Student: 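Can you keep this structure in mind? I'll have questions shortly.
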Amino acid sequence: MPMGHTATAQAGSGGLTATEHRLANGLRVVLSEDHLTPVAAVCLWYDVGSRHEVEGRTGLAHLFEHLMFQGSKQVQGNGHFELVQGAGGSLNGTTSFERTNYFETMPAHQLELALWLEADRMGSLLAALDDESMENQRDVVKNERRQRYDNVPYGTAFEKLTALSYPAGHPYHHTPIGSMADLDAATLEDARNFFRTYYAPNNAVLSIVGDIDPEQALAWVEKYFGSIPSHDGKQPPRDGTLPEIIGEQLREVVEEEVPARALMAAYRLPHDGTRECDAADIALTVLGGGESSRLHNRLVRRDRTAVAAGFGLLRLAGAPSLGWLDVKTSGGVEVPDIEAAVDEELARFAAEGPTPEEMERAQAQLEREWLDRLGTVAGRADELCRYAVLFGDPQLALTAVQRVLDVTAEEVRAVAQARLRPDNRAVLVYEPTGTDHSDQEEEGADQ
């Protein structure tokens with residue numbers, strides 16, 4: 001049977017507990033009981049994302065996420081979806097820079113089915129992977145790229161700002177969607193090698209949360225996953241370390257058919273898992289987290305120069321995180337006017353820091369978001385996996401709220417002063433095509 005330890009509620013965990021176990025083949029298992037509702041969540045994180053890819057083969061991690069739903073040895077075609085949904089469950093998978101995850105939420109009495117399905121494709125996907133499924137999902141991913149990136153207003157902003165923020169050759173320079181050329185170039189053998197390297201039990205964390213019997217759940221995990229062999233061929237991801245400050249303002253102007261001018265920017269911020277990152281999260285919440293934020297009040301309510309203004313945090317563990325600014329202008333307002341107002345607000349915040357009321361409101365907002373995540377079996381399962389894969393300790397998920405509440409106003413001011421500067425950002429300016437901007441009247445500024 002798997003090795004493990006008993007659950008103890010940590011200070012600041014809100015009474016939530018989790019136990020950790022490890023199979024002989026290296027699979028890490030995290031269990032968290034929650035008998036409030038008769039449901040169970042299964043979440044499986046593989047330690048592979050776009051940061052593990054090499055030049056010329058971008059998009060493989062995301063392509064493989066799709067291939068995992070194309071059948072395995074015992075489950076043909078779309079059977080994974082059909083079996084889970086037929087049992088009253090829901091499921092999906094996603095890919096990011098740092099991981100690929102798969103998850104199901106099931107009626108509690110259908111937990112064994114979800115575990116069997118995940119084990120079958122971890123252990124036997126290669127038996128079903130062929131040219132037909134490869135071509136099918138290659139086309140699906142290419143179409144997804146068209147729909148979400150290439151053919152929607154501002155759709156390539158994330159890709160462009162990421163490429164600006166991280167230099168060429170950096171493991172985070174490209175986004176998980178990959179390029180059309182690389183998707184076309186991927187071969188069946190590339191996919192098979194990718195699976196052998198990364199889809200091994202010793203490169204994964206499995207969490208099970210909800211109305212479960214821990215002993216029975218572990219017995220099923222051992223039964224279905226225990227015989228899958230480990231694999232030792234994985235290379236660590238390339239180093240994502242960068243200086244704390246970019247040192248200059250990087251800038252690109254994009255002329256496209258978009259509904260309004262836009263100012264977008266990415267600021268280089270501390271790595272996820274640090275106290276400084278939590279302080280940055282509070283700073284961005286005060287500045288741009290909702291309708292009570294400083295930028296919304298200044299640009300949308302007071303000046304009426306923007307229809308939307310937001311500032312959020314993209315947390316990253318293997319590279320500097322990014323502070324993501326997104327402002328859509330009103331009417332004929334020019335981007336330099338918006339940019340000057342943003343810089344004025346950031347400079348004031350760096351000098352003065354948040355007020356006590358702003359600190360209380362921002363911490364309460366982040367606390368609510370965290371509790372919303374941990375309060376659902378699916379959200380907690382995902383966070384337990386995240387902290388296990390990225391930081392080595394799933395228990396950190398249960399105390400994340402307290403760490404945010406422990407941050408001081410001075411720490412928030414300090415990170416803003418050090419990082420939210422013009423010489424520490426990549427800027428993307430969108431200019432609509434087909435309009436004579438010099439004669440454009442300021443119509444619709446109050447919309």
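Computed from a predicted structure; not experimentally measured.
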Student: For L60 and E53, which heavy atoms make the closest approach, and how far apart are they?
Tutor: N-OE2, 3.1 Å
Student: Specify whether F195 and Y199 have parallel, tilted or perpendicular ring planes, treating 30° as the upper limit for parallel and 60° as the lower limit for perpendicular.
Tutor: parallel
Student: Quick one: are E291 and V300 in side-chain contact, heavy atoms under 4.5 Å?
Tutor: no
Student: Under 4.5 Å between any side-chain heavy atoms of Y46 and V389, yes or no?
Tutor: no
Student: So if I apply the ring-ring contact (aromatic ring centres under 6.0 Å, His included) rule between H52 and each of F97, Y198, F64, which one comes out positive?
Tutor: Y198
Student: Between R425 (side chain only) and G323 (backbone N and O only), is there a donor and an acceptor less than 3.5 Å apart?
Tutor: no
Student: Within 45° of the ring axis of F69 and under 6.0 Å from its six-membered ring centre, is that where the NZ or CZ of R121 lies?
Tutor: yes
Student: State whether E358 and R294 are salt-bridged, where the test is any N-O pair (Lys NZ or Arg NE/NH1/NH2 against Asp/Glu carboxylate O) under 4.0 Å.
Tutor: yes
Student: Would you call E339 and R251 a salt bridge, taking side-chain N to carboxylate O under 4.0 Å as the test?
Tutor: yes
Student: Determine, stepwise, if the pair L269 / L322 fulfils side chain to side chain contact (heavy atoms under 4.5 Å, CB included).
Tutor: CA-CA 5 Å; L269 294 176; L322 292 181; over 6 Å; no
Student: Taking the six-membered ring for Trp, is the centroid-to-centroid distance between Y149 and F158 below 6.0 Å?
Tutor: no
Student: Are E357 and R361 ion-paired here, with the side-chain N under 4.0 Å from a carboxylate O?
Tutor: no
Student: May I ask you to decide whether E334 forms a salt bridge with R261, counting only side-chain N to carboxylate O separations under 4.0 Å?
Tutor: yes
Student: Determine whether the side chains of S179 and R145 contain a donor N or O and an acceptor N or O closer than 3.5 Å.
Tutor: no
Student: So, using side chain to side chain donor-acceptor pair (under 3.5 Å) as the criterion, who are the partners of D190 when residues are at least two apart?
Tutor: R57, T187
Student: Looking at Y102 and V42, would you say the former's side chain and the latter's main chain have a donor-acceptor pair under 3.5 Å?
Tutor: no
Student: Give a yes or no answer on whether the side chain of S32 reaches the backbone of A18 with a donor-acceptor pair at less than 3.5 Å.
Tutor: no
Student: Report, as yes or no, whether the 6.0 Å neighbourhood of atom CD on E360 holds more than 12 heavy atoms from other residues, nucleotides or ligands.
Tutor: no
Student: Quick one: does E98's side chain have a donor or acceptor within less than 3.5 Å of a partner on G318's backbone?
Tutor: yes
Student: Within the 4.5 Å heavy-atom criterion, are I246 and D423 side-chain neighbours or not?
Tutor: no
Student: Does the side chain of N151 pick up a donor-acceptor pair with the side chain of Q147 at under 3.5 Å?
Tutor: no
Student: Within the structure provided, determine whether I338 and L299 are in side-chain contact (heavy-atom separation under 4.5 Å).
Tutor: yes
Student: Considering residues at least two apart in sequence or located in another chain, which fulfil the ring pair (Phe, Tyr, Trp, His ring centres under 6.0 Å) criterion with F311?
Tutor: Y267
Student: Do the non-hydrogen side-chain atoms of R386 and D272 ever get within less than 4.5 Å of each other?
Tutor: yes
Student: Specify the closest pair of heavy atoms between Q395 and E20, including all atoms of both residues, with the distance to one decimal.
Tutor: NE2-OE2, 3.3 Å
Student: For F103 and L91, what are the C-alpha separation, side-chain angles and deciding distance, and is it a side chain to side chain contact (heavy atoms under 4.5 Å, CB included)?
Tutor: CA-CA 5 Å; F103 44 92; L91 72 162; over 6 Å; no
Student: List for me each residue that meets ring pair (Phe, Tyr, Trp, His ring centres under 6.0 Å) alongside H296, sequence neighbours excluded, and say none if there are none.
Tutor: none
Student: Might you point out which heavy atoms bring T285 and S293 nearest each other, and give the distance in Å?
Tutor: O-CB, 4.0 Å
Student: Any side-chain heavy atom of H80 sitting closer than 4.5 Å to one from E104?
Tutor: yes
Student: Could you measure the distance from the CG atom of L366 to the CG atom of L371? Nearest 0.5 Å is fine.
Tutor: 11.0 Å
Student: To the nearest 0.5 Å, what is the distance between CZ (R148) and CD1 (I177)?
Tutor: 6.0 Å
Student: Any ion pair linking E383 and R380 (charged N to carboxylate O, less than 4.0 Å)?
Tutor: no
Student: Looking only at side-chain N and O atoms, does N101 offer a donor or acceptor that is under 3.5 Å from a partner on T94?
Tutor: yes
Student: Checking D303 side chain against T305 main chain: does a donor-acceptor pair fall under 3.5 Å?
Tutor: no
Student: Whether E411 and R275 form a salt bridge (side-chain N of Lys/Arg under 4.0 Å from carboxylate O of Asp/Glu) is what I want to check.
Tutor: yes
Student: Just by distance, do the side chain of Q365 and the backbone of G289 share a donor-acceptor pair under 3.5 Å?
Tutor: yes
Student: Okay, side chain of T433, backbone of E255: is any donor-acceptor separation there less than 3.5 Å?
Tutor: no
Student: Can you give me the closest heavy-atom contact between P432 and A260, atom names plus distance?
Tutor: CG-C, 3.9 Å
Student: Can M106 and V84 be said to form a side chain to side chain contact (heavy atoms under 4.5 Å, CB included), step by step?
Tutor: CA-CA 8 Å; M106 308 287 285; V84 170; 3.6 Å; yes
Student: If we ignore hydrogens and angles and just use 3.5 Å, is the side chain of S321 paired with the main-chain N or O of P270 as donor and acceptor?
Tutor: yes
Student: Please name the pair of heavy atoms, one in D184 and one in K142, separated by the smallest distance, quoted to 0.1 Å.
Tutor: OD1-NZ, 2.7 Å
Student: Should R298 and E344 be marked as a salt bridge (Lys or Arg N to Asp or Glu O under 4.0 Å) after you check the CA-CA gap, both sets of side-chain angles, and the distance that decides it?
Tutor: CA-CA 10 Å; R298 168 72 185 272; E344 184 180 313; 3.3 Å; yes
Student: Between D182 (side chain) and T58 (backbone), is there a donor-acceptor pair under 3.5 Å?
Tutor: yes
Student: Using the six-membered ring of Y154, assess whether NZ or CZ of K328 lies under 6.0 Å from its centre and within 45 degrees of the ring axis.
Tutor: yes
Student: Any ion pair linking D278 and R315 (charged N to carboxylate O, less than 4.0 Å)?
Tutor: yes
Student: Considering non-hydrogen atoms only, spot the tightest contact between V253 and E431 and give its length.
Tutor: CG1-CG, 4.3 Å
Student: Is it the case that the side chain of E65 and the backbone of T95 share a donor-acceptor pair, with hydrogens and angles ignored and the cut-off at 3.5 Å?
Tutor: yes
Student: Do the side chains of K234 and D47 get close enough for a salt bridge, i.e. N-O under 4.0 angstrom?
Tutor: yes
Student: For D34 and I212, run side chain to side chain contact (heavy atoms under 4.5 Å, CB included): C-alpha distance rounded to whole Å, both residues' side-chain angles, the deciding distance at 0.1 Å, then the answer.
Tutor: CA-CA 7 Å; D34 184 342; I212 63 172; over 6 Å; no
Student: Taking the side chain as C-beta and beyond, is there a heavy-atom pair between D281 and V404 under 4.5 Å?
Tutor: no
Student: For the pair E144 and H66, evaluate side-chain hydrogen bond (donor to acceptor under 3.5 Å, both in side chains) and give the outcome as yes or no after the intermediate values.
Tutor: CA-CA 11 Å; E144 179 182 338; H66 285 260; 3.1 Å; yes
Student: Kindly indicate whether the side chain of D150, heavy atoms from C-beta on, has any atom under 4.5 Å from the side chain of T156.
Tutor: yes
Student: Between D382 and R99, is there a side-chain N and carboxylate O pair less than 4.0 Å apart?
Tutor: no
